[in-house]
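Only one structure is covered here, and it is reproduced in the block below.
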Amino acid sequence: MHEDVVRGTSISVDVPSDAGAWFQHGWQSWSDTRWVDRRRPRLLNPVAERWPMVDDPAFATRAVHGGSAVGAVELSGGGVLLVGALGLGGRVELDGATIVGRHDDPDGEWLVVRGEEDAAFASYAARLGERFGRRPPRRPKVWCSWYSFYGNIDEQRLIEVLDDVSGFPFDIFQIDDGWQREIGDWRANDRFGSGMQSLASRVRDVGLEPGLWLAPFLARDDSSLFHQHPEVFARDEGGAPLFAGRNWGGACYAIDVTHPIAREVIVEMIGRAVQDGYRYLKLDFLYAAALPGRRHDDVPREHA
């Protein structure tokens, strides 16, 4: 395997004429990630411009094959040619016979690898770990309410399930969507009359670690946060709150994580969950903080 690290915000790497498929890397968990035939036109997804939950709206209508942070082509003799950003805001595209990369990090670098596929991607992952930090691998066994009940949960139902699963080899009992008053209002709703701290105590009493679902970077348009603190939301080019997708029966908007009051709101939210006894937090819909838009601080969106 051969590796090169190249400094700079952009890079161009020639692709052999007999190279095969292109590895398309998605922006977030709903984005398409797979090997595609580079000789076929890219399947455009214009709906992502209006529906940010699908993919990065900044690149939804680009005609060239591309992806977030990393791209690769299959080499005819075996292995791959991989180009990956070692900085924030990376975009890698296949422009004809050239892999072109750009990122927003002035201190960032690029990794160029030629080698066996698994080894090449492992090397890229290792370099990302060196740059951004990594934690020791932890693979707990989690019971998650979403996969049994979706959002149809209440305190009594979870207590009954807790009694049932306490004899199984789970590590964490995680309460998912359905406990909160509203997306953006992260306090227990009326179906959890004893409060979330009480439920966390019951989980610990049976020897499991309490877990809690949150979507900290967006809020529904009928949440108290949306109406009481409009200043904490990112803005579109017209000055309206930045649309982040439609879910839970209504529109959701992106919180501006560079705004001081927004940071206070998020810190208070997380702090309350931890104080209530939840040390395992499932944080969802994080893409909202990096959507294209106007923010309090003029910084690239993935830096935000």
Side-chain angles (χ1 to χ4, degrees), residues 26-34 53-54 125 129 132-220 222-225 244-250 252 255 265-289:
W27 186 55
Q28 40 102 327
S29 59
W30 284 287
S31 305
D32 199 11
T33 298
R34 60 193 176 99
M53 288 173 59
V54 174
F132 295 110
R134 61 169 56 189
R135 295 179 179 177
R138 181 182 183 226
R139 299 180 179 87
K141 300 180 182 67
V142 181
W143 183 87
C144 172
S145 63
W146 182 256
Y147 300 104
S148 292
F149 306 116
Y150 295 107
N152 187 24
I153 57 174
D154 57 50
E155 181 178 349
Q156 186 57 41
R157 168 171 274 184
L158 293 184
I159 289 173
E160 292 172 359
V161 173
L162 181 61
D163 292 338
D164 290 339
V165 305
S166 60
F168 289 89
F170 290 109
D171 303 306
I172 292 168
F173 186 88
Q174 188 243 307
I175 302 162
D176 213 277
D177 188 2
W179 67 272
Q180 72 283 353
R181 293 181 185 174
E182 186 51 85
I183 304 301
D185 299 337
W186 300 102
R187 295 181 183 275
N189 60 38
D190 293 342
R191 299 195 303 273
F192 291 81
S194 300
M196 302 311 291
Q197 188 174 59
S198 173
L199 191 52
S201 296
R202 297 194 69 140
V203 173
R204 285 196 302 274
D205 286 345
V206 301
L208 298 177
E209 182 176 350
L212 192 65
W213 175 87
L214 296 161
F217 296 154
L218 78 172
R220 273 279 314 277
D222 59 355
S223 66
S224 297
L225 179 66
R246 186 169 295 277
N247 204 354
W248 300 282
C252 299
I255 292 175
V265 168
I266 293 168
V267 168
E268 192 272 338
M269 172 207 317
I270 299 296
R272 183 171 59 250
V274 172
Q275 186 175 15
D276 282 347
Y278 298 91
R279 304 302 175 91
Y280 177 94
L281 302 180
K282 176 184 172 182
L283 304 180
D284 211 348
F285 297 88
L286 301 185
Y287 71 86

Working to the nearest 0.5 Å, report the span between [atom1] of [X] and [atom2] of [Y].
X: Asp284; Y: Asp177; atom1: CG; atom2: CG; value: 8.5 Å
X: Phe168; Y: Lys141; atom1: CZ; atom2: NZ; value: 14.0 Å
X: Trp186; Y: Ser223; atom1: CH2; atom2: OG; value: 10.0 Å
X: Met269; Y: Gln180; atom1: CE; atom2: CD; value: 11.0 Å
X: Tyr287; Y: Trp30; atom1: OH; atom2: CH2; value: 6.0 Å

Item to check | Electrostatic pair Glu160:Arg202 at N-O distance under 4.0 angstrom | outcome: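 Salt bridge flag = no for Arg202 with Glu160.
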
Item to check | Check: Tyr278 ring centroid to Trp213 ring centroid under 6.0 Å | outcome: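 Tyr278 vs Trp213: aromatic centres not under 6.0 Å.
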
Item to check | By side chain to side chain donor-acceptor pair (under 3.5 Å) - contacts of Glu155 (at least two apart) | outcome: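 Partners of Glu155 by the side chain to side chain donor-acceptor pair (under 3.5 Å) criterion, ordered by chain and then number, come out as Ser194.
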
Work out which heavy atom in [X] is nearest to a heavy atom in [Y]; give both atom names and the distance.
X: Arg191; Y: Gly151; value: NH2-O, 3.8 Å
X: Arg134; Y: Gly129; value: NE-CA, 3.8 Å
X: Gln174; Y: Val142; value: CB-CG1, 3.8 Å
X: Ile255; Y: Pro216; value: CD1-O, 3.6 Å
X: Ala288; Y: Ala244; value: CB-CB, 4.2 Å
X: Cys144; Y: Asp176; value: SG-OD2, 3.3 Å

Heavy-atom donor-acceptor pair, [X] side chain to [Y] backbone, under 3.5 Å:
X: Gln28; Y: Gly26; value: no
X: Ser198; Y: Gly195; value: no
X: Asp185; Y: Leu225; value: yes
X: Ser148; Y: Ser145; value: no
X: Asp171; Y: Glu209; value: no

Checklist entry - Partners of Tyr280 by ring pair (Phe, Tyr, Trp, His ring centres under 6.0 Å), sequence neighbours excluded? => result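 By the ring pair (Phe, Tyr, Trp, His ring centres under 6.0 Å) rule, Tyr280 matches no residue at all.
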
Are any of the side-chain heavy atoms of [X] and [Y] separated by less than 4.5 Å?
X: Ile183; Y: Phe285; value: no
X: Arg279; Y: Val274; value: yes
X: Leu283; Y: Phe217; value: no
X: Phe173; Y: Val206; value: no
X: Trp179; Y: Leu214; value: yes
X: Ile159; Y: Leu199; value: yes

Checklist entry - In this structure, are over 12 heavy atoms from other groups packed under 6.0 Å from Asp190 atom CG? => result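 Counting other residues, nucleotides and ligands, CG of Asp190 stays at 12 neighbours or fewer.
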
Checklist entry - Around Tyr147, counting heavy atoms of other residues, nucleotides and ligands shown, do more than 12 lie under 6.0 Å from its OH? => result no

Checklist entry - According to the interplanar angle, ranging from 0 to 90°, do the rings of Tyr150 and Trp146 count as parallel (below 30°), tilted (30 to 60°) or perpendicular (above 60°)? => result perpendicular

